Amino acid sequence: MSDRAKLPTAAGRVLTVNGGSSTIKFAMYDLAQPPRLRWRASIDRIGTDAATLRATGAEGASLAEVPLHSVDHAAAAGRFIDWLDERGERSSIAAVGHRVVHGGLSLLDPQPITPAVLAELRKSQPLDLSHLPREIALIEAFAKRLAGVPQVACFDTAFHRDLPAVAKRLPIPRRMSEAGVRRLGFHGLSYTFLLGELQRIAPNEAAGRIVFAHLGSGASLAAVHGGRAIDTTMAFTPLAGLVMATRPGDLDPGLVCHIMRTEKFSPDQMDEFLSKECGLLGVSQTSGDMRDLQSRRTADPRAAEAIDLFCYQAKKFVAAMAAAMGGLDGLVFAGGIGEHSPAVRAQICDGLSLLGVTIDAAKNQASAPIISGTGSDPGGRVVVRVMQTDEEIVIAETTCRVLKLHS
């Protein structure tokens, strides 16, 4: 029987797909207002013998742990769909929503994935070789195995589409700017969730001047004033801004030219080098994972230097974002590092008292929702929060809205 024949006429769930360089995150939601989580799953360490599918229920109970061995993204998606079949859940899927990091110069708004949209994504692959080829492979894999099920692309760049002109513009010839080359910004699904959650729990605070710090293997900051995106650290590609696990962040363009000449790199080789060999990994020469670096900090000066560089740059960018807004009312840490590393948060905040940032050591160590100082420091007027981001619920809500799905 064909895959199309297995699909029912009435389906009631939305599947979200969030593909990274070595991990794919999935989540299944019932159609509701808002969508209701059923379970989460992930496939980690894709491309290695340690690749594993893990799934947990909405309350955190383990549902599966399946070794997959060495698989690429497309094969990993196929194995995941096999697992859905084993659970009898594939036929319940009404739609699939994908996080797409880079939509090129023309794709910003979330939209159904049509042949024309897929063609535009293929054409845009050179802009983001770290993400787009894998995301396209996932879209194609689901289209093949879930024929007839609509898919929606949710672009990370959408959050930043209305940046002020001065923040959008890059110092390049105007003919390039007029062709669409500008600061695009990324991590938009995360920032959409964080801003929405802050508006829910602290609306007055959310209306102020907030710096959101999404710190993970990919890392960026965003300035939001009055609920509007004002600036962000990433630019035309996710390589820019803050130093990251394997990406350098901002670099002297002349250095890029120098490396290309001395190493005799082609543009594609240079892109690979900047995406996979720089950042924390390049500085430490051991790992781009902040957890590894912190475990080696006292024994390995290179690990300590990588951590110090990350925190130093993040601190500078917080101050720059505050300057762009004329002050700071809130600082929100999110992402794997932002949520789980008290030491990194403390090091970033150290020295930001001139902006009104102070933190309580005990609250910070406990990763409390609010880690601001108690007020003993008269400068400690900025609310500093730790928030768990949730890109998947944004994908699910966006997919339902785009396709007009209702419970």
Side-chain angles (χ1 to χ4, degrees), residues 130 160 167 170-171 183-187 190-191 194 210-224 230-256 259 273-294 296-297 300-325 328 330-355 357 359 364 382 384 386 389:
S130 294
H160 309 283
L170 299 175
R183 183 178 304 278
L184 292 170
F186 301 91
H187 290 135
S190 176
Y191 292 134
L194 294 170
I210 310 297
V211 170
F212 293 102
H214 179 105
L215 307 180
S217 59
S220 71
L221 276 66
V224 176
I230 298 298
D231 206 344
T232 188
T233 55
M234 286 180 170
F236 184 61
T237 76
L239 288 170
L242 178 63
V243 61
M244 294 167 252
T246 60
R247 293 175 246 166
D250 288 347
L251 277 182
D252 176 358
L255 174 59
V256 175
I259 293 172
F273 171 78
L274 292 173
S275 298
K276 297 183 178 179
E277 298 183 40
C278 296
L280 300 178
L281 173 63
V283 174
S284 70
Q285 290 293 286
T286 56
S287 176
D289 191 308
M290 184 62 74
R291 294 167 296 186
D292 295 338
L293 297 176
Q294 289 181 313
R296 299 168 183 160
R297 175 167 192 141
D300 188 345
R302 300 171 302 174
E305 190 172 69
I307 297 170
D308 290 345
L309 179 61
F310 181 87
C311 297
Y312 174 72
Q313 287 197 357
K315 182 185 305 187
K316 287 203 302 181
F317 277 123
V318 170
M321 296 290 105
M325 295 185 290
L328 187 65
L331 173 60
V332 177
F333 287 101
I337 299 172
E339 294 168 22
H340 302 298
S341 180
V344 168
R345 292 193 300 260
Q347 192 169 347
I348 292 171
C349 291
D350 183 35
L352 289 178
S353 58
L354 78 165
L355 296 176
V357 175
I359 60 174
N364 180 49
V382 173
V384 184
V386 179
T389 194

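All of these numbers come straight from a predicted model, not from anything done at the bench.
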Taking [Y]'s backbone N and O only, do any of them form a donor-acceptor pair with [X]'s side chain (distance below 3.5 Å, no angle check)?
{"X": "Arg183", "Y": "Phe236", "answer": "no"}
{"X": "Gln347", "Y": "Phe310", "answer": "no"}
{"X": "Lys315", "Y": "Leu352", "answer": "no"}
{"X": "Asp250", "Y": "Gly241", "answer": "yes"}
{"X": "Gln285", "Y": "Gly282", "answer": "yes"}

**Report entry** Test side-chain contact (heavy atoms from CB on, under 4.5 Å) applied to Thr246 - qualifying residues, sequence neighbours left out
**Finding:** Leu281
Query raised in the report: Does Asp308 pair with Arg297 as a salt bridge, N-O distance under 4.0 Å?
Result: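 Judged by the 4.0 Å cut-off on N to carboxylate O distance, Asp308 and Arg297 do form a salt bridge.
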Query raised in the report: Taking Leu221 as the fixed residue, which of Thr232, Leu242, Val332, Asp231 is the one that meets the side chain to side chain contact (heavy atoms under 4.5 Å, CB included) rule?
Result: Leu242
Report summary line: Closest heavy-atom pair, Ser341 versus Gln294, reported as atoms and distance to 0.1 Å, is OG-NE2, 2.8 Å
**Report entry** Closest non-hydrogen atom pair between Ser287 and Arg296, with its separation
**Finding:**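 Looks like CB-NH1, 3.6 Å.
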Query raised in the report: Which value, rounded to the nearest 0.5 Å, describes the distance between Ile259 atom CD1 and Leu251 atom CG?
Result: 6.5 Å
Query raised in the report: How many angstroms lie between CZ in Phe317 and CE in Met321, if you round to the nearest 0.5 Å?
Result: 7.0 Å
